[in-house]
Protein chains: 2
Amino acid sequence: MATVLSVDRGVPCPAWKQVLSKRLQKRTPRNDRPSATLKDVAQRAGVSTATVSRVLNAQGKVNRETGTRVAEAVAALGYVPHAAARALASRRSRTIGAVTAALDNPIFARGIQALEHRLELSGYGLLVASSNYEPERELKQVRTMVERGIDAIMLQGDSHLPEVYALLQRKGIAYINTWVYDAAATHPCCGFNNELTGHNLADYLLDLGHREIAMVAGVTAGNDRARNRIKGVAAALRARGLDLPPARVVERPYSLSDGRDGLRELFAGPGPRPTAVIGGNDLLAIGVMLEAQQSGLTVPGDLSVAGFDDIELAANIAPALTTIHVPVEEICTLAGDYLVARIEGRPARDHVALEARLVVRQSTARAGGRA
Amino acid sequence: MATVLSVDRGVPCPAWKQVLSKRLQKRTPRNDRPSATLKDVAQRAGVSTATVSRVLNAQGKVNRETGTRVAEAVAALGYVPHAAARALASRRSRTIGAVTAALDNPIFARGIQALEHRLELSGYGLLVASSNYEPERELKQVRTMVERGIDAIMLQGDSHLPEVYALLQRKGIAYINTWVYDAAATHPCCGFNNELTGHNLADYLLDLGHREIAMVAGVTAGNDRARNRIKGVAAALRARGLDLPPARVVERPYSLSDGRDGLRELFAGPGPRPTAVIGGNDLLAIGVMLEAQQSGLTVPGDLSVAGFDDIELAANIAPALTTIHVPVEEICTLAGDYLVARIEGRPARDHVALEARLVVRQSTARAGGRA
DNA sequence: TTGTAAGCGTTATCAA
DNA sequence: TTGATAACGCTTACAA
């Protein structure tokens, strides 16, 4: 085993420990050498543990010279604070949770990464879990995180099981819903209005003259964002006297092959073929585009395609995808700001609106025209 | 503030707490109602805390009836164990760390997700951080995680700062290097042989008659996988009497636009244009492909392109990308198995080899032929 | 500015 | 099968 190590202690074993042979014997099996504790540091620096703690937590109120001595002892012993002990005593774990629907969607991964960077700055760790859009699973994960003592948590969307909100509130744990914005929401949120965004995208296609518009949407069960995007698109059509019949909306999980599959199903449906298809996110939209192209259609000549998110691929694929640019990094960084502020007792705005604007590229064109 | 809550306790305040007014006053500011503790549960069930602990940890050795009474008390109080206290007493946090180079590369995100699922099964939480391929940053993150009391950690690659290994070993924390396999490695690992894989991919192109082979590789600084893939490609060329001159290897971070950019630089280089380009991963390869296509070349007619990883896009884009299929989910799940086994004192193989095989698709063709 | 000591909520040893 | 009770390593009044 590569982790077997020598038991060189570097410092003499404190006398008070030498008599406690029993205690030493029951030490954790794989951890031969007990790590230095605050007490060891205090002893070596010739001060009390309280003083060491003060130095370590930069509470001021310490003599510069004392501080130096403590710092030296810390370095000499290779002292590493014990987070669990610290959490127990301070009732604060310096850990924040994030439950995301999926990690393998690059847009979410970028968000988590942004959050992690934000938290790193303030010295917080990030505990993650992915719920796969299953509310029950999300609840279980939130529960586990609460048990783990997270100080705050970032959630996606706002349709969580009531138990999630109840638990968080009962425990006094700060939380924030991301990817959604609703000025009237009862819960803190940071994001944009998905319905409005869907509306805008549909309006743009309508303005291009499209009348046969269809969607390969995300699976709406347990996913308010997917639901609201559809709602917005439907509203835009309705405002122009058009309809978005069920056969024009197929739901699929979020992946390229689901997008391809979705287009096939749309094309197999009744009535005239759609001239424009909106993907519930960029992955679906690009899947739609690839399927169309590979079955001999041109985009946007024969079919206009648009998505949501603006992942890197959207701008790079040919034709470049018209989509809604979602500022994930901002959303998650601001969510981090909010949570840290709440934990540290500072005031924070609990409804933050960001803009998700339309980015017109080459995958959409006037209806009827071939490009 | 949405988190203000009622202070209904559900159970009468135990007598021993009523005198401790001071203590109650200094409770955490945002957490009005102190959560039920083991002691509360014990009191309510009319047993000792030790017994409750035994029931909760399913250690057997408890009367069925006692167990039921405890379970009832737990439910009635909505008791949630306090992880920090548990960790302090048991010297085990039930949390595992993972530091990944980047989360926004879907292949890594899939790995983290697989690891998380594996750990969820065994009741472990996952703490993540992304190092952006910076060794110093990785060290800092490992340190932070160690302070947070992780029981084990998953790393990527095997070229870590010596301090990383030293710290982990000193603390007796189990770790494993993933994405790499070397039977002779001094550290536990789970993955495949990156050099061999590069060699195989180059061999395949050579067999197709390509002689002008170039690479848009990952940035090799702090990235042993990138280095070894290049090494393998160079070795394969050398074995056929060919050379891989510096001008034929450009290094780029891992993204689509870096791939595009890399191809431009290769084409600007001296000597004959390459007829085949290997991307350091699929993102780079697809970037190369998109750039080639958008500048009027056909793939694979004018240029063969191949990558590493086999992300979902590789199979779906046109032409579908020839690549090395990397079994990330398996790698990370097995890494999880290993870490959990080590933590729980069970034996585990600490060098696990997986196969990363070539998947031939449509982006590669014989040299000289137009498809 | 520093020290003393009482917790924090568990686990685990030992005795009953 | 259970109960007392001593850790676990740190923070934080309060006192000096």
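Convention: sequence-line order gives letters A, B, ...; per-chain numbering from 1. Since this is a predicted model, take the numbers as computed values, not measurements.
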Find which nucleotide of DNA chain D each of B:Ala85 and B:Thr49 is nearest to by heavy atoms, and output the residue with the more 5' nucleotide. B:Thr49
Hey, is the side chain of [X] poking within less than 4.0 Å of OP1 or OP2 on [N], counting only N and O atoms?
{"X": "A:Ser53", "N": "D:dC10", "result": "no"}
{"X": "A:Ser90", "N": "D:dT11", "result": "no"}
{"X": "B:Arg86", "N": "C:dG9", "result": "no"}
{"X": "A:Arg92", "N": "D:dT11", "result": "no"}
{"X": "A:Thr51", "N": "C:dG3", "result": "yes"}
{"X": "B:Ser48", "N": "D:dA4", "result": "no"}

Heavy atoms only, 4.0 Å cut-off, all strands: where does A:Val70 land among base, sugar-phosphate and nothing? nothing
Can you tell me how far apart CG (A:Leu168) and CE (A:Met145) are? Round to the nearest 0.5 Å. 11.0 Å
Euclidean distance, B:Arg69 CZ relative to B:Thr51 OG1, rounded to 0.5 Å: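 Taking OG1 in B:Thr51 and CZ in B:Arg69, the distance rounds to 9.5 Å.
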Nearest to the side chain of [X] - [options]?
{"X": "B:Arg54", "options": "C:dG3, D:dG9, C:dC14", "answer": "C:dC14"}
{"X": "B:Asn63", "options": "D:dT1, C:dT10, C:dT4", "answer": "D:dT1"}
{"X": "A:Ala89", "options": "C:dG9, D:dC10, C:dA5", "answer": "D:dC10"}
{"X": "B:Leu88", "options": "C:dG3, D:dC8, C:dA12", "answer": "D:dC8"}
{"X": "B:Leu38", "options": "C:dT11, D:dC10, C:dG9", "answer": "C:dT11"}
{"X": "B:Thr66", "options": "D:dT12, D:dT2, C:dG9", "answer": "D:dT2"}

Between B:Leu167 and B:Arg143, does the side chain to side chain contact (heavy atoms under 4.5 Å, CB included) criterion hold? Intermediate values first, please. CA-CA 8 Å; B:Leu167 175 62; B:Arg143 233 178 225 141; 3.8 Å; yes
Can a donor-acceptor pair under 3.5 Å be found between the side-chain atoms of A:Arg91 and the base atoms of C:dG7? no
Stepwise, does the side chain to side chain contact (heavy atoms under 4.5 Å, CB included) test hold for A:Arg148 with B:Ser93? CA-CA 9 Å; A:Arg148 292 217 144 72; B:Ser93 68; over 6 Å; no
Between [atom2] on [N] and [atom1] on [X], what's the gap in Å once rounded to a whole number?
{"X": "A:Lys39", "N": "D:dT11", "atom1": "NZ", "atom2": "P", "value": "15 Å"}
{"X": "B:Gln43", "N": "C:dG9", "atom1": "CD", "atom2": "P", "value": "13 Å"}
{"X": "B:Glu147", "N": "D:dG9", "atom1": "CD", "atom2": "P", "value": "15 Å"}
{"X": "B:Leu56", "N": "C:dA12", "atom1": "CG", "atom2": "P", "value": "13 Å"}
{"X": "B:His82", "N": "C:dG7", "atom1": "NE2", "atom2": "P", "value": "17 Å"}
{"X": "A:Arg69", "N": "C:dT2", "atom1": "CZ", "atom2": "C1'", "value": "11 Å"}
{"X": "A:Arg148", "N": "C:dT10", "atom1": "CZ", "atom2": "P", "value": "15 Å"}

Which residue is it: A:Leu127, A:Ile96, A:Ile343? I am looking for the one with a side chain to side chain contact (heavy atoms under 4.5 Å, CB included) to A:Ile150. A:Leu127
Under the criterion side chain to side chain donor-acceptor pair (under 3.5 Å), which of A:Asn177, A:Asp158, A:Thr186 is the partner of A:Tyr165?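 When A:Asn177, A:Asp158, A:Thr186 are each tested with A:Tyr165, the side chain to side chain donor-acceptor pair (under 3.5 Å) holds only for A:Asn177.
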